[in-house]
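See structure below.
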Amino acid sequence: MIGHQFHRYIPESDKRTPFDKLLPLFVELLNYTNGDPKEALDWMEEINNQTPLFSDTYTRDDFEQELKRRGYLREDYGGGKGNGKGNGGSLKLTGKSEQQMRHQALEQLFGKMKKATKGSHRTKSTGNGDEATEMRRPFIFGDKPEQILMSDSLRNAQINNGTDDFILTERDLEVYETENLSQAATVLMIDISHSMILYGEDRITPAKKVAMALAEFIMKRYPKDTLDIVVFGDDAWPVQVKDLPYLQVGPYHTNTVAGLELAMEILRRKKVANKQIFMITDGKPSCLKEAGQYYKNSFGLDPYIVGKCLNLARQCKKTGVFITTFMIASDPYLQKFVDEFTEANGGKALFTGLQGLGDSILTDYEKNRRRKF
(Lines give C-alpha, C1' and ligand atoms only; values in the text may rest on other atoms or scores of the structure.)
Protein backbone atom coordinates (compact mmCIF):
# COMPACT_ATOMS: atom_id res chain seq x y z
CA MET A 1 0.00 0.00 0.00
CA ILE A 2 1.37 3.42 -1.03
CA GLY A 3 0.90 6.20 1.47
CA HIS A 4 2.26 9.60 2.49
CA GLN A 5 3.86 10.65 5.72
CA PHE A 6 3.11 14.23 6.69
CA HIS A 7 5.44 16.44 8.72
CA ARG A 8 5.24 19.94 10.12
CA TYR A 9 3.93 22.45 7.58
CA ILE A 10 6.61 24.87 6.42
CA PRO A 11 5.23 28.10 4.88
CA GLU A 12 6.46 28.77 1.36
CA SER A 13 8.22 31.96 2.44
CA ASP A 14 10.28 30.00 4.97
CA LYS A 15 11.56 27.69 2.24
CA ARG A 16 13.40 30.50 0.48
CA THR A 17 17.12 30.78 0.89
CA PRO A 18 18.60 33.88 2.56
CA PHE A 19 19.68 35.07 -0.88
CA ASP A 20 16.16 34.71 -2.31
CA LYS A 21 14.75 36.70 0.60
CA LEU A 22 17.26 39.53 0.27
CA LEU A 23 17.34 39.87 -3.53
CA PRO A 24 13.98 41.74 -3.92
CA LEU A 25 15.04 44.32 -1.33
CA PHE A 26 18.41 44.78 -3.00
CA VAL A 27 16.77 45.26 -6.40
CA GLU A 28 14.28 47.75 -4.96
CA LEU A 29 17.06 49.77 -3.36
CA LEU A 30 18.89 49.92 -6.68
CA ASN A 31 16.04 52.09 -7.96
CA TYR A 32 16.72 54.66 -5.25
CA THR A 33 20.52 54.58 -5.56
CA ASN A 34 20.49 55.13 -9.34
CA GLY A 35 21.90 51.69 -9.92
CA ASP A 36 24.79 51.95 -7.47
CA PRO A 37 25.17 48.45 -5.97
CA LYS A 38 27.56 49.43 -3.18
CA GLU A 39 25.22 52.16 -1.98
CA ALA A 40 22.30 49.72 -2.08
CA LEU A 41 24.32 47.26 0.03
CA ASP A 42 25.19 50.07 2.46
CA TRP A 43 21.49 50.86 2.80
CA MET A 44 20.79 47.22 3.52
CA GLU A 45 23.39 47.33 6.27
CA GLU A 46 21.69 50.39 7.76
CA ILE A 47 18.36 48.58 7.68
CA ASN A 48 20.05 45.60 9.26
CA ASN A 49 20.90 47.77 12.26
CA GLN A 50 17.18 48.32 12.85
CA THR A 51 15.67 45.07 11.53
CA PRO A 52 18.01 42.10 11.14
CA LEU A 53 18.58 41.09 7.53
CA PHE A 54 21.91 39.34 7.82
CA SER A 55 23.14 36.83 10.37
CA ASP A 56 26.32 35.23 11.61
CA THR A 57 25.79 32.43 9.13
CA TYR A 58 24.87 34.70 6.19
CA THR A 59 26.58 38.09 6.26
CA ARG A 60 26.61 41.06 3.92
CA ASP A 61 29.83 39.72 2.41
CA ASP A 62 28.17 36.36 1.79
CA PHE A 63 25.26 38.08 0.02
CA GLU A 64 27.62 40.22 -2.07
CA GLN A 65 29.69 37.21 -3.11
CA GLU A 66 26.55 35.29 -4.06
CA LEU A 67 25.37 38.24 -6.16
CA LYS A 68 28.64 38.00 -8.06
CA ARG A 69 28.52 34.22 -8.32
CA ARG A 70 24.98 34.27 -9.71
CA GLY A 71 25.83 36.93 -12.27
CA TYR A 72 24.08 39.99 -10.79
CA LEU A 73 27.28 41.92 -10.03
CA ARG A 74 30.77 42.05 -11.42
CA GLU A 75 34.02 43.70 -10.45
CA ASP A 76 34.99 46.62 -12.65
CA TYR A 77 38.54 47.88 -12.39
CA GLY A 78 38.07 50.57 -15.00
CA GLY A 79 35.37 52.65 -13.31
CA GLY A 80 32.08 53.67 -14.88
CA LYS A 81 28.48 54.41 -14.10
CA GLY A 82 26.65 52.69 -11.31
CA ASN A 83 29.88 51.90 -9.48
CA GLY A 84 30.82 52.04 -5.86
CA LYS A 85 34.25 51.31 -4.42
CA GLY A 86 34.49 47.76 -3.15
CA ASN A 87 37.34 45.41 -2.33
CA GLY A 88 39.80 45.44 -5.24
CA GLY A 89 37.65 46.93 -7.96
CA SER A 90 34.31 48.66 -8.04
CA LEU A 91 30.97 46.89 -8.22
CA LYS A 92 28.88 47.18 -11.34
CA LEU A 93 25.49 45.83 -12.32
CA THR A 94 25.25 43.24 -15.07
CA GLY A 95 22.57 42.88 -17.70
CA LYS A 96 20.98 40.22 -15.50
CA SER A 97 20.51 42.78 -12.70
CA GLU A 98 19.05 45.35 -15.09
CA GLN A 99 16.59 42.77 -16.41
CA GLN A 100 15.69 41.78 -12.84
CA MET A 101 14.92 45.42 -12.06
CA ARG A 102 12.58 45.61 -15.05
CA HIS A 103 10.92 42.30 -14.13
CA GLN A 104 10.38 43.33 -10.51
CA ALA A 105 8.97 46.70 -11.57
CA LEU A 106 6.58 44.92 -13.93
CA GLU A 107 5.43 42.59 -11.16
CA GLN A 108 4.90 45.48 -8.75
CA LEU A 109 3.10 47.83 -11.12
CA PHE A 110 1.35 45.68 -13.65
CA GLY A 111 1.09 42.20 -12.14
CA LYS A 112 1.94 38.97 -13.92
CA MET A 113 1.55 39.14 -17.69
CA LYS A 114 1.68 36.20 -20.06
CA LYS A 115 4.13 36.51 -22.89
CA ALA A 116 2.65 36.72 -26.36
CA THR A 117 4.47 35.77 -29.53
CA LYS A 118 2.66 38.22 -31.80
CA GLY A 119 1.47 41.78 -31.67
CA SER A 120 -1.83 42.04 -29.81
CA HIS A 121 -3.39 45.41 -30.50
CA ARG A 122 -6.78 44.62 -31.98
CA THR A 123 -8.17 46.48 -34.99
CA LYS A 124 -11.64 46.58 -36.46
CA SER A 125 -10.61 44.83 -39.70
CA THR A 126 -10.58 41.11 -40.43
CA GLY A 127 -8.85 39.15 -43.14
CA ASN A 128 -5.30 37.89 -43.54
CA GLY A 129 -4.34 38.64 -39.98
CA ASP A 130 -2.74 36.98 -36.98
CA GLU A 131 -5.44 35.86 -34.56
CA ALA A 132 -8.39 33.51 -35.08
CA THR A 133 -11.91 34.76 -34.50
CA GLU A 134 -15.19 32.85 -34.10
CA MET A 135 -16.30 33.83 -37.62
CA ARG A 136 -16.36 31.14 -40.33
CA ARG A 137 -16.54 31.50 -44.10
CA PRO A 138 -15.86 29.57 -47.35
CA PHE A 139 -12.26 29.26 -48.55
CA ILE A 140 -11.04 31.86 -51.05
CA PHE A 141 -7.79 31.96 -52.97
CA GLY A 142 -5.04 33.47 -50.84
CA ASP A 143 -6.18 32.06 -47.50
CA LYS A 144 -3.45 30.41 -45.44
CA PRO A 145 -3.56 26.60 -45.28
CA GLU A 146 -3.52 26.73 -41.48
CA GLN A 147 -6.83 28.63 -41.56
CA ILE A 148 -8.66 25.62 -43.00
CA LEU A 149 -11.02 23.91 -40.57
CA MET A 150 -10.52 20.28 -41.54
CA SER A 151 -13.38 18.73 -39.58
CA ASP A 152 -15.88 21.28 -40.89
CA SER A 153 -14.51 20.95 -44.43
CA LEU A 154 -14.84 17.13 -44.35
CA ARG A 155 -18.39 17.44 -43.08
CA ASN A 156 -19.21 19.83 -45.93
CA ALA A 157 -17.74 17.35 -48.44
CA GLN A 158 -19.93 14.55 -47.08
CA ILE A 159 -23.03 16.74 -47.28
CA ASN A 160 -22.23 18.12 -50.74
CA ASN A 161 -20.78 15.01 -52.40
CA GLY A 162 -22.04 12.03 -50.41
CA THR A 163 -20.02 9.26 -48.78
CA ASP A 164 -20.06 6.55 -51.44
CA ASP A 165 -17.40 8.16 -53.60
CA PHE A 166 -15.82 10.67 -51.22
CA ILE A 167 -14.47 13.81 -52.88
CA LEU A 168 -13.13 16.95 -51.19
CA THR A 169 -13.32 20.00 -53.44
CA GLU A 170 -12.36 23.63 -52.97
CA ARG A 171 -15.97 24.63 -52.50
CA ASP A 172 -16.17 22.33 -49.45
CA LEU A 173 -13.34 24.05 -47.64
CA GLU A 174 -14.22 26.22 -44.71
CA VAL A 175 -11.83 28.56 -42.94
CA TYR A 176 -11.84 30.64 -39.79
CA GLU A 177 -11.65 34.38 -40.12
CA THR A 178 -8.61 36.12 -38.71
CA GLU A 179 -8.14 39.48 -37.13
CA ASN A 180 -5.43 41.97 -37.95
CA LEU A 181 -3.31 42.87 -34.96
CA SER A 182 -1.54 46.18 -35.29
CA GLN A 183 1.97 47.12 -34.30
CA ALA A 184 2.57 50.24 -32.24
CA ALA A 185 5.54 52.55 -31.94
CA THR A 186 5.70 54.39 -28.63
CA VAL A 187 8.00 57.09 -27.34
CA LEU A 188 8.02 57.54 -23.58
CA MET A 189 9.16 61.03 -22.56
CA ILE A 190 10.46 61.42 -18.99
CA ASP A 191 10.94 64.80 -17.37
CA ILE A 192 14.30 64.93 -15.52
CA SER A 193 14.13 68.59 -14.52
CA HIS A 194 15.08 69.58 -10.98
CA SER A 195 11.46 69.79 -9.86
CA MET A 196 11.22 65.99 -10.05
CA ILE A 197 13.00 65.82 -6.68
CA LEU A 198 11.97 69.14 -5.15
CA TYR A 199 9.82 69.68 -2.05
CA GLY A 200 10.86 66.41 -0.44
CA GLU A 201 9.03 64.25 -2.99
CA ASP A 202 10.92 61.76 -5.14
CA ARG A 203 9.09 61.69 -8.45
CA ILE A 204 11.87 60.42 -10.68
CA THR A 205 12.16 56.97 -9.06
CA PRO A 206 8.50 56.03 -9.74
CA ALA A 207 8.89 57.40 -13.28
CA LYS A 208 11.95 55.21 -13.86
CA LYS A 209 10.19 52.16 -12.47
CA VAL A 210 7.24 52.77 -14.76
CA ALA A 211 9.60 53.07 -17.74
CA MET A 212 11.34 49.80 -16.83
CA ALA A 213 8.03 48.02 -16.28
CA LEU A 214 6.57 49.31 -19.54
CA ALA A 215 9.67 48.19 -21.42
CA GLU A 216 9.48 44.71 -19.90
CA PHE A 217 5.71 44.56 -20.53
CA ILE A 218 6.12 45.41 -24.21
CA MET A 219 8.96 42.93 -24.71
CA LYS A 220 6.91 40.15 -23.13
CA ARG A 221 3.41 40.84 -24.41
CA TYR A 222 3.92 42.91 -27.57
CA PRO A 223 7.32 41.84 -28.93
CA LYS A 224 6.58 43.40 -32.33
CA ASP A 225 6.01 46.83 -30.81
CA THR A 226 8.79 49.34 -30.27
CA LEU A 227 9.49 51.55 -27.28
CA ASP A 228 11.91 54.46 -27.39
CA ILE A 229 12.69 56.51 -24.30
CA VAL A 230 13.49 60.22 -24.34
CA VAL A 231 14.52 62.25 -21.31
CA PHE A 232 14.23 66.01 -21.30
CA GLY A 233 15.62 68.78 -19.10
CA ASP A 234 17.39 71.79 -20.64
CA ASP A 235 17.88 69.53 -23.68
CA ALA A 236 16.48 66.17 -24.76
CA TRP A 237 18.27 62.95 -25.63
CA PRO A 238 17.40 59.26 -26.06
CA VAL A 239 18.35 56.64 -23.50
CA GLN A 240 18.45 52.89 -23.82
CA VAL A 241 16.32 50.60 -21.68
CA LYS A 242 19.48 49.26 -20.07
CA ASP A 243 20.39 52.79 -18.94
CA LEU A 244 17.17 53.40 -17.00
CA PRO A 245 18.48 52.25 -13.58
CA TYR A 246 21.16 54.94 -13.72
CA LEU A 247 18.87 57.81 -14.75
CA GLN A 248 19.19 60.89 -12.51
CA VAL A 249 17.56 64.29 -12.22
CA GLY A 250 19.79 67.25 -13.05
CA PRO A 251 19.78 71.00 -12.35
CA TYR A 252 17.58 71.46 -15.39
CA HIS A 253 14.60 73.50 -16.51
CA THR A 254 11.85 71.79 -18.54
CA ASN A 255 12.44 71.90 -22.29
CA THR A 256 9.27 70.15 -23.38
CA VAL A 257 9.76 71.44 -26.92
CA ALA A 258 13.09 69.63 -27.32
CA GLY A 259 11.55 66.43 -25.98
CA LEU A 260 8.63 66.61 -28.40
CA GLU A 261 10.85 67.40 -31.37
CA LEU A 262 13.07 64.40 -30.66
CA ALA A 263 10.06 62.12 -30.08
CA MET A 264 8.54 63.23 -33.40
CA GLU A 265 11.82 62.60 -35.21
CA ILE A 266 12.03 59.09 -33.76
CA LEU A 267 8.45 58.27 -34.72
CA ARG A 268 8.91 59.72 -38.20
CA ARG A 269 11.34 56.88 -38.93
CA LYS A 270 8.95 54.13 -37.75
CA LYS A 271 7.15 52.24 -40.52
CA VAL A 272 4.05 51.33 -38.54
CA ALA A 273 0.53 52.69 -38.54
CA ASN A 274 0.05 53.33 -34.83
CA LYS A 275 2.31 55.90 -33.22
CA GLN A 276 1.97 57.53 -29.83
CA ILE A 277 3.80 59.56 -27.23
CA PHE A 278 3.52 59.14 -23.47
CA MET A 279 4.86 62.09 -21.51
CA ILE A 280 5.55 61.92 -17.76
CA THR A 281 6.10 65.35 -16.29
CA ASP A 282 5.43 67.36 -13.16
CA GLY A 283 5.59 70.90 -14.43
CA LYS A 284 5.12 73.46 -17.12
CA PRO A 285 7.53 74.01 -20.03
CA SER A 286 10.08 76.59 -18.94
CA CYS A 287 12.95 76.37 -21.43
CA LEU A 288 13.77 76.64 -25.13
CA LYS A 289 16.96 76.36 -27.12
CA GLU A 290 17.14 78.42 -30.28
CA ALA A 291 20.22 79.22 -32.37
CA GLY A 292 22.38 77.60 -29.73
CA GLN A 293 21.06 79.84 -26.96
CA TYR A 294 18.81 78.90 -24.03
CA TYR A 295 15.75 80.92 -23.24
CA LYS A 296 14.44 80.14 -19.75
CA ASN A 297 11.51 81.40 -17.73
CA SER A 298 10.55 79.67 -14.49
CA PHE A 299 7.84 82.14 -13.52
CA GLY A 300 4.32 81.40 -14.67
CA LEU A 301 3.34 80.23 -18.13
CA ASP A 302 5.55 81.88 -20.71
CA PRO A 303 3.37 82.56 -23.81
CA TYR A 304 6.27 82.11 -26.23
CA ILE A 305 7.34 78.73 -24.83
CA VAL A 306 3.75 77.53 -24.46
CA GLY A 307 3.03 78.61 -28.04
CA LYS A 308 5.91 76.47 -29.31
CA CYS A 309 4.57 73.47 -27.39
CA LEU A 310 1.07 73.92 -28.76
CA ASN A 311 2.38 74.17 -32.34
CA LEU A 312 4.20 70.85 -31.91
CA ALA A 313 1.08 69.28 -30.43
CA ARG A 314 -0.84 70.32 -33.55
CA GLN A 315 1.90 68.95 -35.82
CA CYS A 316 1.71 65.61 -34.02
CA LYS A 317 -2.03 65.52 -34.55
CA LYS A 318 -1.64 66.15 -38.29
CA THR A 319 0.70 63.18 -38.60
CA GLY A 320 -1.54 60.91 -36.54
CA VAL A 321 0.64 60.93 -33.43
CA PHE A 322 -1.38 61.39 -30.28
CA ILE A 323 0.06 62.35 -26.92
CA THR A 324 -1.01 61.16 -23.51
CA THR A 325 0.26 63.48 -20.78
CA PHE A 326 0.67 62.01 -17.31
CA MET A 327 0.85 65.01 -15.00
CA ILE A 328 2.20 63.82 -11.65
CA ALA A 329 1.64 67.13 -9.90
CA SER A 330 -1.64 68.74 -8.94
CA ASP A 331 -0.74 72.44 -9.06
CA PRO A 332 -3.87 74.26 -10.25
CA TYR A 333 -1.94 76.61 -12.55
CA LEU A 334 -0.76 73.64 -14.63
CA GLN A 335 -4.32 72.73 -15.54
CA LYS A 336 -4.58 75.54 -18.10
CA PHE A 337 -1.47 74.49 -19.99
CA VAL A 338 -2.39 70.79 -19.96
CA ASP A 339 -5.92 71.51 -21.15
CA GLU A 340 -4.68 73.66 -24.04
CA PHE A 341 -1.98 71.16 -24.97
CA THR A 342 -4.44 68.24 -24.95
CA GLU A 343 -6.99 70.16 -27.02
CA ALA A 344 -4.34 71.11 -29.59
CA ASN A 345 -3.25 67.49 -30.02
CA GLY A 346 -6.53 65.65 -29.52
CA GLY A 347 -4.83 63.29 -27.10
CA LYS A 348 -5.37 62.70 -23.40
CA ALA A 349 -4.31 64.16 -20.10
CA LEU A 350 -4.29 62.26 -16.84
CA PHE A 351 -3.60 63.91 -13.53
CA THR A 352 -2.38 60.94 -11.58
CA GLY A 353 -0.59 60.40 -8.33
CA LEU A 354 2.68 58.54 -8.16
CA GLN A 355 0.96 55.46 -6.77
CA GLY A 356 -1.42 55.19 -9.72
CA LEU A 357 1.07 56.08 -12.43
CA GLY A 358 1.88 52.51 -13.46
CA ASP A 359 -1.73 51.37 -13.69
CA SER A 360 -2.65 54.48 -15.66
CA ILE A 361 0.07 53.95 -18.26
CA LEU A 362 -0.67 50.25 -18.68
CA THR A 363 -4.37 50.89 -19.13
CA ASP A 364 -3.73 53.63 -21.66
CA TYR A 365 -1.19 51.55 -23.56
CA GLU A 366 -3.69 48.71 -23.88
CA LYS A 367 -6.47 51.00 -25.08
CA ASN A 368 -4.54 53.36 -27.31
CA ARG A 369 -4.52 53.44 -31.05
CA ARG A 370 -6.54 50.39 -31.99
CA ARG A 371 -7.01 52.02 -35.35
CA LYS A 372 -7.85 50.49 -38.68
CA PHE A 373 -4.97 50.41 -41.15
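Relative ring orientation between Phe54 and Phe63 is described as tilted, the plane-to-plane angle lying within the 30° to 60° band.
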Glu28 vs Gln108, test: side chain to side chain contact (heavy atoms under 4.5 Å, CB included). Steps then yes/no.
CA-CA 10 Å; Glu28 184 68 18; Gln108 289 176 349; 3.0 Å; yes
Let's go through Ile229 and Val241 carefully: what are the C-alpha distance in whole Å and the side-chain angles of both, what is the deciding distance for side chain to side chain contact (heavy atoms under 4.5 Å, CB included) to 0.1 Å, and is it a yes or a no?
CA-CA 7 Å; Ile229 300 167; Val241 171; 4.1 Å; yes
side-chain hydrogen bond (donor to acceptor under 3.5 Å, both in side chains) for Asp172 and Ser153? Distances and angles first, verdict last.
CA-CA 5 Å; Asp172 302 319; Ser153 299; over 6 Å; no
Glu98 vs Tyr246, side-chain hydrogen bond (donor to acceptor under 3.5 Å, both in side chains): CA-CA, chis, key distance, verdict:
CA-CA 10 Å; Glu98 294 160 357; Tyr246 316 105; 2.8 Å; yes
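The salt bridge (Lys or Arg N to Asp or Glu O under 4.0 Å) pairs that include a residue from residues 285-312 are Asp234-Lys296, Asp235-Lys289, Glu290-Lys308, where partners are two or more places apart or lie in different chains.
Counting all heavy atoms, side chain and backbone alike, Ala157 lies closest to Leu168 at CB-CD1, 3.7 Å. When all heavy atoms of Leu267 and Ala185 are compared, the pair lying nearest together is CD2-O, 3.7 Å.
From Tyr304, atom OH reaches atom OH of Tyr295 across 8.5 Å, with rounding to the nearest 0.5 Å.
For the residue pair Ser193/Asp191, the side-chain donor-acceptor check at 3.5 Å is satisfied. A donor-acceptor contact closer than 3.5 angstrom is absent between the side chains of Tyr72 and Glu66. There is no side-chain donor-acceptor pair under 3.5 Å between Thr254 and Thr256. Side-chain polar atoms of Gln183 and Asn274 form no donor-acceptor pair below 3.5 angstrom.
Put simply, the side chain of Thr281 does not reach to within 4.5 Å of the side chain of Phe326, judged on heavy atoms.
Between Lys336 and Asp339 there is no salt bridge, since none of the side-chain N atoms of the basic residue sits less than 4.0 Å from a carboxylate O of the acidic one. Ion pairing between a basic and an acidic side chain is recognised when a charged N comes within 4.0 Å of a carboxylate O; Arg60 and Asp42 show such pairing.
Between the side chain of Asp62 and the main chain of Thr59, a donor-acceptor pair closer than 3.5 Å is present.
The side-chain tip of Lys284 does not point at the ring of Phe337 from less than 6.0 angstrom away and within 45° of straight on.
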